S.K.: 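Have a look at this one before I ask anything.
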2 protein chains.
Amino acid sequence: MTSSAEENYLKAIYKLHEKSGNMVTTSALAETLKVSAASVTDFIKKIASKKLVSYEKSKGVKLTDKGRLIAVNIIRKHRLWEVWLVNKLEFKWDEVHEIAEQLEHIISDDLVDHLDKHLGYPTADPHGDLIPDSKGRFAKSNSKPLLECVKGEKVKFIGVADHSNNFLQYLTKNNLSLGDEIMVEAVEEFDNTFTVRVNRKENKIFSKEVVKNLLVAVV
Amino acid sequence: MTSSAEENYLKAIYKLHEKSGNMVTTSALAETLKVSAASVTDFIKKIASKKLVSYEKSKGVKLTDKGRLIAVNIIRKHRLWEVWLVNKLEFKWDEVHEIAEQLEHIISDDLVDHLDKHLGYPTADPHGDLIPDSKGRFAKSNSKPLLECVKGEKVKFIGVADHSNNFLQYLTKNNLSLGDEIMVEAVEEFDNTFTVRVNRKENKIFSKEVVKNLLVAVV
DNA sequence: ATATACATTTAGGCTAACCTAATTATACTT
DNA sequence: AAGTATAATTAGGTTAGCCTAAATGTATAT
Ligand SMILES: [Mn+2]
Ligand SMILES: [Mn+2]
Ligand SMILES: [Mn+2]
Ligand SMILES: [Mn+2]
């Protein structure tokens, strides 16, 4: 009923909407899905006729409730598989995305339930992204970029805004992992370079580009 | 490069050849893959041109070494996933085949390696079928149907010849599991009904139809 | 208000993997 | 050896998901 292609379109629409808040454009979808704009227009018409998206010609698309539920379910599966790959199979957090892109399309509600249980009902994936429940509901999150913190603030590193392998590997190289406690020791006014104390041990220095992408929660 | 469809054709050819020892016919493939004979002929021509099978028109197909390696690799993945589903996710042995049919097509050598390690390098799947190594080699097996055993023989139950859910559920209902020790107490000459002692405890009675499909090894 | 740039849609095509109906090849019976 | 049943192939089509090139729409700058 729902093909992998369809699942990928719905997921992409969901994520692009999440990012911009607006209707999702043909060109944005073409870009993220690496297909031509013409293919996107074609496909959109198909899923619009299935009531998975609402489509305003030349303006863009928005998910319907039906479409969003499918999208969120794929995201749920993707994140559960990533947890499995990292926690059980000992993959690194920068090695799991591509494999999860395939695994997320496996169809079996039973499998998802068993996997969820096997993993101890995790609430976040290895990158700190929240895992929705089977009804498509997300927990409330109160994270913010470290960039928004001020000197003296003590926070916990709970997620990344940039999921690129480059960034993940940069953090690994600098020994920063999810769960680490971060104490803001100094903020350079001029360029927003942060000096932070990690886990009450060494001081580390991070550029604005980095702290912008570190998501933290007040402890 | 290798689509799921192609993998399924190669796997089907491998299994049908294993069963009959002969070239695999168009109609046998159509039957197992649930597609029309015309589709099979089409597809065979394609994989023959890729040197994955050798094809004699109107006679049948045989795997080449290249084709066999792909087939065996899919079987390896299928069986590893089944082990995972049963040993780690607590599925029953009659619940895993369909899910493994999907999982076997996930493409990542790294994933297979990590999974194999996670499972402790298993040599057989939940139905007792041998798991080939990554080079496509199978261990030697010396199993035989319980039907071929004689009174007084003590053996171990190590596999099933019939993989149907009906048979697997029959065995579950009768508390017979892989690894059980079986002592042949009596064989009824007339209809080959077996009376066996399981794990030095209760006696059980199995029909010829059943013992034909129980694979055992001398202990 | 018009020109220009850029985004989107339409038109027409392609390939993989299937199908049915018609034809041809092989095997079995008398 | 011819006739009949069955298996396999060929011919001609379909659908999903993609493509390029051409046409149309929309936004921005003068
Ligand atoms: Mn991911
Ligand atoms: Mn993730
Ligand atoms: Mn199986
Ligand atoms: Mn099996």
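The sequence lines fix the lettering, A, B, ..., with proteins before strands; numbering per chain opens at 1. Quick note: numbers below take in every heavy atom, side chains included, and nothing from hydrogens, waters or symmetry partners. All values derive from a computational prediction rather than experimental measurement.
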S.K.: What verdict does the side-chain hydrogen bond (donor to acceptor under 3.5 Å, both in side chains) test give for B:His97 and B:Asn165, after you've listed the backbone C-alpha separation in whole Å, the side-chain angles of each residue and the deciding distance to 0.1 Å?
M.R.: CA-CA 9 Å; B:His97 183 75; B:Asn165 285 3; over 6 Å; no
S.K.: Assess A:Lys46 against A:Phe43: is NZ or CZ under 6.0 Å from the centre of the six-membered ring, and within 45 degrees of the ring's axis?
M.R.: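 Judged by the rule, A:Lys46 and A:Phe43 form a cation-pi pair.
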S.K.: Can B:Thr193 and B:Asp191 be said to form a side-chain hydrogen bond (donor to acceptor under 3.5 Å, both in side chains), step by step?
M.R.: CA-CA 6 Å; B:Thr193 294; B:Asp191 62 359; 3.0 Å; yes
S.K.: Tell me, please, which residues at least two apart from B:Leu178 pass side chain to side chain contact (heavy atoms under 4.5 Å, CB included).
M.R.: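 Applying side chain to side chain contact (heavy atoms under 4.5 Å, CB included) to B:Leu178 gives B:Trp93, B:Phe157.
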S.K.: Evaluate the side-chain proximity of B:Asn8 to B:Glu104: yes if any heavy-atom separation is below 4.5 Å, no if none is.
M.R.: yes
S.K.: Within this structure, what is the CG-to-P distance between A:Leu29 and C:dT9, rounded to whole angstrom?
M.R.: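 Whole-Å distance recorded here is 11 Å.
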S.K.: Would you give a per-nucleotide map of nucleotides 10-26 of chain D, 5' to 3', where B means the base has a protein non-hydrogen atom under 4.0 Å away, S means only the sugar-phosphate does, and - means neither?
M.R.: B-----SSBBBB-----
S.K.: Figure out the CE/P separation between A:Met23 and C:dA7, and round it to whole Å.
M.R.: 18 Å
S.K.: Would you list the atom pairs, donor with acceptor, under 3.5 Å between side chains in residues 138-148 of chain B and any protein atom, with sequence neighbours excluded?
M.R.:
residue  : atom : partner  : partner atom : Å
B:Ser141 : OG   : B:Ser143 : N            : 3.4
B:Lys144 : NZ   : B:Glu153 : OE2          : 2.8

S.K.: What's the CG-C1' distance between B:Leu33 and C:dA16, to the nearest Å?
M.R.: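 Going from CG in B:Leu33 over to C1' in C:dA16 covers 16 Å.
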S.K.: Given atom CG of B:Leu10 and atom P of C:dA17, what is their separation to the nearest angstrom?
M.R.: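 One finds 11 Å between P of C:dA17 and CG of B:Leu10, rounded.
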S.K.: Has A:Thr26 got a side-chain N or O lying under 4.0 Å from the OP1 or OP2 atom of C:dT9?
M.R.: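 Checking A:Thr26 against C:dT9: at least one side-chain N or O falls below 4.0 Å of OP1 or OP2.
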S.K.: Calculate the interatomic distance between B:Ile47 atom CD1 and C:dC18 atom P; express it in whole Å.
M.R.: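 After rounding, the reported distance stands at 11 Å.
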S.K.: Look at the side-chain N and O atoms of A:Thr25 and state whether any lies under 4.0 Å from the OP1 or OP2 oxygen of C:dA7.
M.R.: no
